[in-house]
There are 2 protein chains.
Amino acid sequence: MIKCVKCGEVDAIAKSGIIRGKQRFYCKRCDYYFTQPSLLSPETHHHRRHQTTIMDIASALQISKSTVSRALQGHSDINANTRKAVLDMAHQLDYQPNLLALGLAKSRSFTLGIIVPEFINSFFPYIIIGAQQVANPAGYHVIICQSNESLDTEIANTNVLMASRVDGVVASVTAETKSLDHFHKFQRAGIPLVMFNRICDGLDVSKVLVDDYDGAYRGVEHLIQQGCTRIAHLAGPQNLQVGKQRLQGYLDALRKYGLPVYDELIVYYNLTKTSAQAAARQLLELPTLPDSIFAVNDPAAIETILIAKSKGIKIPSELAIVGFSNEPTSALIEPGLTTLAQPLDEIGKTVVQLLLHEIESEDDVLVPRTEILKTQLIVRGSSLRKPLVS
Amino acid sequence: MIKCVKCGEVDAIAKSGIIRGKQRFYCKRCDYYFTQPSLLSPETHHHRRHQTTIMDIASALQISKSTVSRALQGHSDINANTRKAVLDMAHQLDYQPNLLALGLAKSRSFTLGIIVPEFINSFFPYIIIGAQQVANPAGYHVIICQSNESLDTEIANTNVLMASRVDGVVASVTAETKSLDHFHKFQRAGIPLVMFNRICDGLDVSKVLVDDYDGAYRGVEHLIQQGCTRIAHLAGPQNLQVGKQRLQGYLDALRKYGLPVYDELIVYYNLTKTSAQAAARQLLELPTLPDSIFAVNDPAAIETILIAKSKGIKIPSELAIVGFSNEPTSALIEPGLTTLAQPLDEIGKTVVQLLLHEIESEDDVLVPRTEILKTQLIVRGSSLRKPLVS
DNA sequence: CTGTTAGCGCGTTCAT
DNA sequence: ATGAACGCGCTAACAG
C-alpha cells in the first residue's frame, strides 16, 4: 500500500522505475514523483554499490529510458535539445553503459577472446598489442587468456570464453595440444575462430602464419653459406605445424645442398625451458659435435648458447647458431643471435582483421582464409664466420 | 493466432519458453508441446548463433527453468534424480552459463580488472600470472588492460572496466600519471581498488609494494662496499613513489657512508627505452665519469650496459652497475647484471588476496592495508670488483 | 519525435 | 520439491 507523500492518494500511484536501488513512484493525481523512504540506514545504503544507468538519467530528466537510449546511441530522429540534455546529464552522472546488459540485449558482447600459451617471452605480447590496435578502434575489447602451456588450462580458457559469450576467438595452442575438441565448441556455437602461429591439423578455420618452411630453409641455407656442413636441428613438437614446417625447411635445405641428414643431429623439445636445456645438452654432448645448430625458436637457441658457453665451446667458430623469431634478448646476448624476424605487430593485426571480417560477415558460409607472412633473416654474430656476400 | 499442431485447438494455447530462437507453445487441451514452424530456411536458421541456456535444458526435460537453475547450483532441496537428469542434459548440450546474464542478475560480474603500463618486459606478466593463480580458484576471471605507458589509454582502460562492471580492480599506473581522477571513479562506485608497484600519492587504497627504499639503499651500499665513491643514479619519474623511494634510498646510503652527492650524477628518465638511452648517454658523456651507476630498474641498467660497452667502457672495472627487479635478461647479458630481485609471484598473489578480501567484506568501512615485501640483492658480474664478504 | 512493451538468460522470492 | 513471476540494464519493435 503506497501513499503519495504529497497528497496522500492511494489509488492513482504508478511505479516509475527504480532509482539508486529505491523504487520510484508517480502520483497521477497530484503529478508528483517520489521514492519510498528507505528502510536501510543512510550509511548502509550509501555502501550499496550502484552505477548510473539510463534509468537514472531518464528520471532525472523526467523522460523515458528509450529516449535516453536513443540519444546516447546518436539516433537521428531525436530532438537536438533532448539529446543535449541527455548527454549532459550522462556526463554529469558519470554514466558508463553496462556492457553486461548491452551484451545480453544484443546477444553480442563486443568482446574478443585471445588464447596464448604464455606471455613471458615478448613474442605473444607484441602480437597481442597488434591485435588490440585493430580490435579497440573497431569497438571490441579483448579478454586475454594464457594457457601456461597446459592443455587443461587451455580447455578451461575456452570454457571461460564461451561463458563470456565472446564474439570471436583468436588462439595459439599449447605444445601439448593434439586433440582440438575444445575448439570445435566455438564452431558449433557459430563463434568465429582464427588461429595463428601455433596451429595443428584438423580444424577448418582461418589462419595467420609466417612462412615457417621458407624461414627455416633460409636460416639453414645461411649456415651452409657460412661453411657449416654438420648442421643440427633443435626441433619443436611435431603435433604443431610450426614444428613440422621448420623441420621440413631444415631437411630440404640440407638435401638441396647435398648435405647428409644425421638422425642424431635432430632432437626435439616441448617448448619449455628445461626441455630446451636438455635438448641442447644432448646435442653438445655428442661424440662428434655438430658445427652448427638451427633452433626452432629463439628461447631454445639462447639456452643453447648459454650451455655452449658454459662448456667453453666457441661461438660461432666452433658452433654457429641460428634461431627463429628475433626476440629482443637475441640482440642482447653475446654473441648476438642470428635469427628470422617475424612481423609480430602485423600478425596481431591480421588475425583480428580476419576475425572481424568473419564476425561481421552476413554470409552463411565462410571460406576460411590463410594469410602467410614473410620472415626476415637477421644476421648477427652467432653465425658469422665469413663476411656477408651482398 | 496460434493453432495446436496436434488437435487444432486455438484458445487453450500457452507460451512455454523459447527454444533455439523459436517460441515454444503448450496446448492445455491435448497436453502437447510444440514450436511454431520457423519462417526461416533451415540453413539460415542453422547459421543463427545460439548457445545452450537453462531454458533449453528445461524444455528438453519438460521441467521449469527454476528447477534447472537450482539443480545446476547444487541447491539441496532438489530431487536427486532431477538433479542428475539436469546435469546430464547440461553436459550433453554442452551448457555454459551465460556470464553476461549471470552478472546482470546478480549485479556482480565475477571479473577482476587489471591495469598495467606494459607487458613486454616480463615484470608485469609474472605478476599477472601470480594474480591469476589466486583469482581463478576463487571463481573470478581477469581482464588484462595495458595502458602502454599512455595516460589517455589508462583512462580508457578504467572506463572499459567500469563498463564491464568488474568487481574489483588492480592497477599499476603509467609513468605520466599524476592526477588520479580516473581512479576515483572506482571509489565512488564502491568498486575496490588495490594498487601495486607504481603508485602515486593521493589515493587512499590498499597497496602492495616492495621495500624500494631499502632495496635501493642496499644496492648502493653494495656499490660502496665494492669501493665505488662516485656513484650516479639513473632515476625514475618523481611523481611515482617507486621513483622517489629509490632515489631516497640512494641518497641516504651515500650520506650514511659520508659520500658526497653530486647533482650532475642524478638523471631522470620516463621509463621509455629511448629516454633510458638518453639518460645513460648523459651520464656516460660527463667530463668526469661516475665509477658506478645505480639504475632505478633493469631495463634502464641494461641500456646503460649496452651504451657503455659501445663506448668501450669496461664493466665493472671502470663502471659498476646495479639495477632493480631481476628481469630474466639481466642474467643473460654480459657481464651479468647485479640487481634487486622482487618476489613477483608473491606480489601478484598478495594484490588479489587484498582485493578479494575487500570485495567479499561485509564491512561498511574498509581500512586500506599496505603490504610491503622484501627484495633480495642478486650479485652478478656488473658490480663485482672484489670478492664478496660473506 | 517520444513513450510503451517485450525479451536477452539468469537467480530469486513467492507460492504451492 | 517444483513452478510462476519479477527484475537486473539495455535495445528494438511497435505504437502513437
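This is a predicted model, so every value here is computed, not measured. Below, chains carry the letters A, B, ... as their sequence lines are ordered, and counting in each starts from 1. Because only heavy atoms are used, hydrogens play no part in the values below, and waters and symmetry mates are left out as well, while side chains stay in.
Considering only heavy atoms from C-beta on, A/V68 stays 4.5 Å or farther from A/L61 through its side chain.
Remark: P of D/dA12 and CZ of A/R70 are 10 Å apart, rounded to the nearest angstrom. Straight-line distance from the CG atom of B/L72 to the P atom of D/dT2: 14 Å, rounded to whole Å. Look at CD1 on A/I63: it is 14 Å from P on D/dC10, rounded to the nearest Å. In this entry the distance linking CZ of A/F110 with P of D/dT11 reads 10 Å, nearest Å. Straight-line distance from the CG atom of B/L93 to the C1' atom of C/dG9: 15 Å, rounded to whole Å. Rounded to whole Å, the distance from NZ on B/K65 to P on C/dT13 is 15 Å. Residue B/L100 contributes atom CG, which lies 18 Å from atom P of D/dC8 at whole-angstrom precision. Atoms CD (A/Q51) and P (D/dC8) sit 15 Å apart, rounded to a whole Å.
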Does A/D56 form a side-chain contact (heavy atoms from CB on, under 4.5 Å) with A/Y95? I'd like the steps, not just the answer.
CA-CA 9 Å; A/D56 295 331; A/Y95 170 76; over 6 Å; no
Decide yes or no on side-chain hydrogen bond (donor to acceptor under 3.5 Å, both in side chains) for B/T158 and B/E154, but give the supporting numbers first.
CA-CA 6 Å; B/T158 60; B/E154 185 174 272; over 6 Å; no
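Of the candidates C/dT2, D/dT2, D/dT11, C/dT2 carries the atom nearest the A/D77 side chain, counting heavy atoms from C-beta on. The nucleotide whose nearest atom lies closest to any side-chain atom of A/S69 is, among C/dG9, D/dT11, D/dC10, D/dT11. Out of D/dC8, D/dT2, C/dG11, the shortest distance to the side chain of B/L104 is found at D/dC8. With C/dG11, C/dT2, D/dC10 as the candidates, the nucleotide lying closest to the side chain of A/I78 is C/dT2.
If you find the closest nucleotide of DNA chain D to B/T67 and to B/K106, the one lying nearer the 5' end belongs to B/T67.
Within the structure, a side-chain polar atom (N or O) of A/Q73 is placed less than 4.0 Å from OP1 or OP2 of D/dA12. Residue B/T53 places none of its side-chain N or O atoms closer than 4.0 Å to OP1 or OP2 of C/dC8. One finds no side-chain N or O of B/S64 lying less than 4.0 angstrom from the OP1 or OP2 phosphate oxygen of D/dA4.
As judged by a 4.0 angstrom heavy-atom cut-off over every strand, B/N98 is placed among residues touching the sugar-phosphate backbone only.
In terms of polar N and O atoms assigned as donor or acceptor, the side chain of B/S66 comes within less than 3.5 Å of the base of D/dA4 in a complementary pairing.
In this structure, CD on B/Q96 lies 4.0 Å from CG on A/N159, to the nearest 0.5 angstrom.
Remark: A/K185 does not engage B/D94 in a salt bridge, criterion side-chain N to carboxylate O under 4.0 Å.
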